Amino acid sequence: MRTNWAGGGRVFGYARARRALVAGSALACLLETLTMSVLLRDSPVLHQVVPVLGLLAVASVAALHAASVARPHLLDTDTSALRIRRAARADVIVPLGHIASAQGELRAVRRRADGELDLPVAFRTSVILQLTEPVTHLTLLGRRREVDTVHFHADDADRLVETLQTLQAHARAVRQARTVPSTSPGPPG
C-alpha cells in the first residue's frame, strides 16, 4: 500500500494496534447485515437494501483502517520535524527543536488536560512528547488548540523514542560545537 509521505524521512506506523478492533468491527457489520437480512426477509424492499448498507459499513471500516496505514507518523530530517498523524483526522507538525523530552510509556486513555493532545490508537498511547514551545493543533472542526504535551501511539515506540533522543543529543552537540570560542589569537594579518 502506498504511504502518504515524501522525501528523506522515516515512517513510524500506528495501525497495527487496531487490526483486531478493525477485524472485529468488520465481522460485527457482516453478522448484523446477515441477521437483519434474515429478519427482514418478509419485506422485499428492506431485504434488498440491508445488504447494500452492510457492505457500505464494511467498506467504511476498511477505509478508516487504510487511512491509518497510508498516513503513518513521519520523522522528516530534511525539515527537522516530526509529523504526528492519526488517519485523516489529525496531522500535527512538531519541530524537532521544540521537543524537550520524548518518553515511551504505554498508558490507557484518560481525561484530557489543557495543553495536552491525546491521539490514542485502540484506546492507548505509547509515546509522550514534552515540548519547549506550544504547537498548534487543528481540531476536526477547524478550531485551533495550542498544545505543549502530545500523547500518541506508535507501533515501534521504543525505536521512535530512541531516534528522537539520538537526534536531540546530536543537535545539542552541534549547538555546543558552535558556541566553542575560537582558538585563533586575534585577527589575521
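Heavy-atom basis, side chains included; hydrogens, waters and symmetry copies ignored. Remember, predicted model here, so these are calculated numbers, not experimental data.
For Arg89, the salt bridge (Lys or Arg N to Asp or Glu O under 4.0 Å) criterion is met by no residue, not counting sequence neighbours.
Ile99 and Phe12 fall within the same hydrophobic cluster, defined by Ile, Leu, Val, Met, Phe, Trp and Tyr side-chain heavy atoms under 4.5 Å apart, directly or through other members. Hydrophobic clustering, with ILVMFWY side chains joined whenever heavy atoms are under 4.5 angstrom apart, keeps Ile128 apart from Leu117. A single hydrophobic cluster is seen to contain both Leu167 and Val92, as judged by linkage of ILVMFWY side chains at heavy-atom distances under 4.5 Å, directly or through other members. Residues Ile93 and Leu96 do not share a hydrophobic cluster, clusters being chains of Ile/Leu/Val/Met/Phe/Trp/Tyr side chains in contact below 4.5 Å.
Taking every heavy atom of both residues into account, Pro120 and Arg86 meet most closely at CD-NH1, 3.2 Å. Closest heavy-atom contact between Ala102 and Gln165: O-NE2, 3.0 Å. Closest heavy-atom contact between Asp155 and Ala17: OD1-N, 3.6 Å. Of all non-hydrogen atoms in Ala90 and Leu119, the two that sit nearest each other are CB-CD2, 3.7 Å. Of all heavy-atom pairs between His73 and Ala154, the closest is CD2-CB, 4.2 Å.
Val94 has its side chain within reach of Leu131: a pair of non-hydrogen atoms, C-beta onward, lies under 4.5 Å apart.
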Original post:
When you look at Arg124 and Leu106, which way does the side chain to side chain contact (heavy atoms under 4.5 Å, CB included) test go after all the steps?
Top reply: CA-CA 7 Å; Arg124 64 182 179 181; Leu106 188 61; 3.6 Å; yes

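The pair Asp91-Arg83 meets the salt-bridge criterion, with a side-chain N (NZ, NE, NH1 or NH2) lying under 4.0 Å from an Asp/Glu carboxylate O. Using a cut-off of 4.0 Å between Lys/Arg side-chain N and Asp/Glu carboxylate O, Arg107 and Asp118 are scored as salt-bridged.
Distance check, rounded to the nearest 0.5 Å: CD of Glu105 to NE2 of His151 gives 8.0 Å. The distance from atom CG of Leu82 to atom CG of Leu160, rounded to the nearest 0.5 Å, is 6.0 Å.
Clustering of Ile, Leu, Val, Met, Phe, Trp and Tyr by side-chain heavy atoms under 4.5 Å joins Leu27 with Leu31.
Leu129 pairs with exactly one of Leu164, Val161, Val135 by the side chain to side chain contact (heavy atoms under 4.5 Å, CB included) rule, that one being Leu164.
Thr125 and His153 share no donor-acceptor pair across their side chains, judged by distance under 3.5 Å alone.
A distance-only check finds a donor-acceptor pair linking the side chain of Arg71 to the backbone of Ala87 [under 3.5 Å]. Side-chain atoms of Tyr14 do not come within 3.5 Å of backbone N or O of Ile84 as any donor-acceptor pair.
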Name each donor-acceptor pair under 3.5 Å that joins a side chain in residues 48-61 to protein atoms two or more places apart or in another chain, with its distance.
| residue | atom | partner | partner atom | Å |
| --- | --- | --- | --- | --- |
| Ser60 | OG | Leu56 | O | 3.4 |
| Ser60 | OG | Ala57 | O | 2.8 |

I'd like a table of donor-acceptor pairs (distance under 3.5 Å, sequence neighbours excluded) in which one partner is a side-chain atom from residues 140-150, with atom names and distances.
| residue | atom | partner | partner atom | Å |
| --- | --- | --- | --- | --- |
| Arg145 | NH2 | Glu116 | O | 2.6 |
| Glu146 | OE2 | Thr136 | OG1 | 2.7 |
| Thr149 | OG1 | Gln130 | OE1 | 3.2 |

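Among residue pairs with one or both ends in residues 18-29, those qualifying as side-chain hydrogen bond (donor to acceptor under 3.5 Å, both in side chains) are Arg18-Ser68; sequence neighbours excluded. Every pair tested for ring pair (Phe, Tyr, Trp, His ring centres under 6.0 Å) that includes a residue from residues 80-138 fails, sequence neighbours excluded, so the list is empty.
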